[in-house]
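Below is one structure, written out as structure tokens; comments come after it.
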Amino acid sequence: MVAKSRSYTSEISVIIDSETVILSGFISTLNHVYQLDHDWLLVASAQNVSSFPFHLDESGKHWQTDNRKRMNVQELQKILQHNWQGKHCCYSRMLMVWNNKDAPLHSGVLPPFLYGKGTHNNWLIHEAMSSEFRFVFDASLTITSFHLNEEDDFSPTHGNSSAVDIENRSWEYIGNSHIGANYGSFFYSEANFTSLVKLLKCNKQYIMVDTKKNIVYPIGHQGAMNLMKEKVIPSWLKENTVYCIDRLNSHTKSLDCSVKDQTKIPSILELPFSLESLLSITSDKTKTVILTVAGYSYKDMLMSWVCRLRKLSIENFVVCALDKETSQFSILQGIPVFTDPIAPSNISFDDCHFGTKCFQRVTKVKSRIVLKILKLGYNVLLSDVDVYWFKNPVPLLHSLGPAVLAAQSDEYQNQGPINLPRRLNSGFYYARSDSQTIAAIEKVVRHAETSGLSEQPSFYDTLCGNGGSNRVGDDKCVEPETNLTVHFLDRDLFANGAYQDLWREKNVKEACLKKGSYIIHNNWISGRLKKLERQVLSGLWEYDPSTRMCLRCSQCIKQ
């Protein structure tokens, strides 16, 4: 959200939760702070109220009761104060506003917090104060805003906001705490938000008050005034203004919240979902899930794959993590992930590429997980993380019907059959959850368990027969026991890494789109770093590991 704001030409950016109602003071406050001659960050906490029995009239300009009695702002403010549920600042909704000039909000990287799930507001305020790039102040007393506590999902304990209960927090809050602990200095220094300068409006005059130093900064006037030392009150600071300042400590909704208990974070972060519940959440209307399998050394390629699917508005994917590092990384990136409890160990290193013993062990995990998901009643599109997607192939693959396994062909010759021996690529295939497919995949898994090779030869030898004895035509096989048809996909639409030297094209994306390609596989190249280099330099890359964010423009890759 913050990064996206930089692409706009507006001179002021605002982040506000959609359930927060701004009652008054917002525009007038901005009109005054806009005069500041320094880059600034304004924060304002919203009141948490138990009820607000009013609604806007048809014009959308005036609040009224159910009996159509019009209420003025002053009356509403008194009612809000009466219904206010007290301090709820650490996890309450908060308005943040800043001017878009040269200075960043803070030094370092803004990590991928899940918005509305704790930590991020206090983290950002703390880092902005520590960096001292901007003047940070609290405008909670000049901007009246509120939200109903019954709609509040910002609370980490589902209604128990009286204390920070780490043990009872949901995984989203714990995840944000993990991120906050790994970035910046928020968890390593005392966050004293009471020292924030307060913006007040007294006698129609906006003033900044530093209660720690007892200094007043009038907006629109030169200089500042130390209330402890000055004996003569200037004309712009009348007695009723001093009275406002004296009452500040008792009336301010300060951002005072202790973070010392938040350091007690569980060392391991886990999603509270079984594989079955995760599939039910992520699958599409055809009960299809897109599955990929990854280890930690491939985390950047995994994220590029995820970013690409998200850019295509494809959300029905899940990730099988081969190690706890990948699981933790994926959870903190908001990825639906599960772990394989019997995955081979020591597989997350750079030498785990095609032809290695490590590669052989990892590929056998894929077919076993696919079989497990099929038996749970879900269709599976298995896609390796080195497959770049141009458009969603699921509708096309699903239209091939039941008892059909649609798989990518790994044939490199431009002409001739594409179902030759061992030319089935098990890094991209679509399997339906039907009896024939499940029985056939069970045979593949059993064959792979006793094989000294990867699962890929097991797929071909089991389904198409040794030497291709079950081949039908130039692009199919039929497994005789299960009557499953293996459909080898058109390489123009589903290109492998050797087909027509597409990866050598000056503009790989343009060449593939001319063919109507759905995907291109970054295979037929040995080694993770070479694979990574080829994909990044081709422009088919969607992730910036330095910011842990998806790239938003083609120029970003060049930069």
Problem - Leu302 CG to Ser297 OG distance, which is reported to the nearest 0.5 Å - result: 11.0 Å
Exercise for the section: Output yes when a side-chain donor or acceptor of Ser131 lies under 3.5 Å from a complementary backbone atom of Ser107, and no otherwise. Expected result: yes
Handout entry: Partner set under salt bridge (charged side-chain N to carboxylate O under 4.0 Å, His left out) for Arg134, not counting sequence neighbours
Key = none
Exercise for the section: Kindly say whether Lys61 contributes a backbone atom to a donor-acceptor pair with the side chain of Asp57 at under 3.5 angstrom? Expected result: yes
Fill in the blank from the handout: Between the CG atom in Asn72 and the CD atom in Gln77, the distance rounded to the nearest 0.5 Å is 9.0 Å
Completion exercise
By side chain to side chain donor-acceptor pair (under 3.5 Å), Tyr518 pairs with (sequence neighbours left out) none
Exercise for the section: Drop me the distance from Ser24's OG to Leu76's CG, to the nearest 0.5 angstrom. Expected result: 9.0 Å
Exercise for the section: Would you check if Phe186 and Glu127 make a side-chain contact, meaning some heavy-atom pair closer than 4.5 Å? Expected result: yes
Handout entry: Value rounded to 0.5 Å, distance of CG in Asp386 from CZ in Phe428
Key = 11.5 Å
Completion exercise
For Phe54, the ring-ring contact (aromatic ring centres under 6.0 Å, His included) test, sequence neighbours excluded, returns Phe52
Problem - Polar side-chain atom of Asn379 near backbone of Thr286 as donor-acceptor pair, under 3.5 Å - result: yes
Problem - side chain to side chain donor-acceptor pair (under 3.5 Å) against Ser13, all qualifying residues, sequence neighbours excluded - result: Asn100
Handout entry: Thr326 and Tyr298 side chains, donor-acceptor separation under 3.5 Å
Key = no
Practice task
Check whether the side chains of Tyr115 and His120 place a donor and an acceptor atom closer than 3.5 Å, and report yes or no.
Solution key: no
Practice task
Please name all residues satisfying side chain to side chain contact (heavy atoms under 4.5 Å, CB included) with Lys287, sequence neighbours left out, ordered by chain then number.
Solution key: Tyr378
Handout entry: Output field: ring centroids His32/Tyr206 closer than 6.0 Å
Key = yes
Exercise for the section: Mind jotting down which residue pairs meet the disulfide bond (SG atoms under 2.5 Å apart) criterion with at least one end in residues 9-42? Sequence neighbours excluded, please. Expected result: none
Practice task
Mind checking side chain to side chain contact (heavy atoms under 4.5 Å, CB included) for Val21 and listing every partner two or more places apart, or none if nothing turns up?
Solution key: Trp63, Phe146
Practice task
For Thr142 and Thr29, test the side chains for any donor-to-acceptor distance below 3.5 angstrom and give the result as yes or no.
Solution key: yes
Handout entry: Contact list for residues 269-339, test disulfide bond (SG atoms under 2.5 Å apart), sequence neighbours left out
Key = Cys307-Cys550
Problem - Sequence neighbours excluded, every pair satisfying disulfide bond (SG atoms under 2.5 Å apart) that has a member inside residues 103-137 - result: none
Problem - Plane angle bin for Phe329 and Tyr296 - parallel if under 30°, tilted between 30 and 60°, otherwise perpendicular - result: perpendicular
Practice task
Could you tell me which non-hydrogen atom of Asn176 sits nearest to which non-hydrogen atom of Thr119, and how far apart they are?
Solution key: O-CG2, 3.7 Å
Practice task
Say whether, by atom type as modelled, one donor and one acceptor occur between the side chain of Asp384 and the main chain of Val387 under 3.5 angstrom.
Solution key: no
Exercise for the section: Output yes when a side-chain donor or acceptor of Glu542 lies under 3.5 Å from a complementary backbone atom of Val306, and no otherwise. Expected result: no
Problem - Short side-chain to backbone donor-acceptor contact, Gln328 and Leu269, under 3.5 Å - result: yes
Exercise for the section: Determine yes or no for a side-chain-to-main-chain donor-acceptor pair under 3.5 angstrom, with Ser140 supplying the side chain and Ala44 the backbone. Expected result: no
Problem - Donor-acceptor contact present, side-chain Asn99 to main-chain Lys101, <3.5 Å - result: no
Problem - ring-ring contact (aromatic ring centres under 6.0 Å, His included) involving Tyr183 - partner list, sequence neighbours excluded - result: none
Practice task
Determine yes or no for a side-chain-to-main-chain donor-acceptor pair under 3.5 angstrom, with Lys311 supplying the side chain and Leu551 the backbone.
Solution key: yes
Completion exercise
CG (Leu56) and CD (Gln64) are apart, to the nearest 0.5 Å, by 8.5 Å
Handout entry: Nearest atoms (heavy-atom pairs only) where Ala294 meets Val385
Key = CB-CG1, 4.2 Å
Exercise for the section: Under the side chain to side chain contact (heavy atoms under 4.5 Å, CB included) rule, collect the residues that match up with Leu371, sequence neighbours excluded. Expected result: Lys375, Ile438, Ile441, Glu442, Val445
Practice task
Please name the residue in the list Ile16, Asp17, Ile125 that meets the side chain to side chain contact (heavy atoms under 4.5 Å, CB included) test with Met94.
Solution key: Ile125
Exercise for the section: Give, for atom CG of Leu42 and atom CG of Leu30, the distance between the pair rounded to the nearest 0.5 Å. Expected result: 6.5 Å
Problem - Contacts of Glu132 that satisfy side chain to side chain contact (heavy atoms under 4.5 Å, CB included) - sequence neighbours left out - result: none
Exercise for the section: Keeping the roles fixed (side chain from Lys531, backbone from Asn522), state whether a donor-acceptor pair exists under 3.5 Å. Expected result: yes
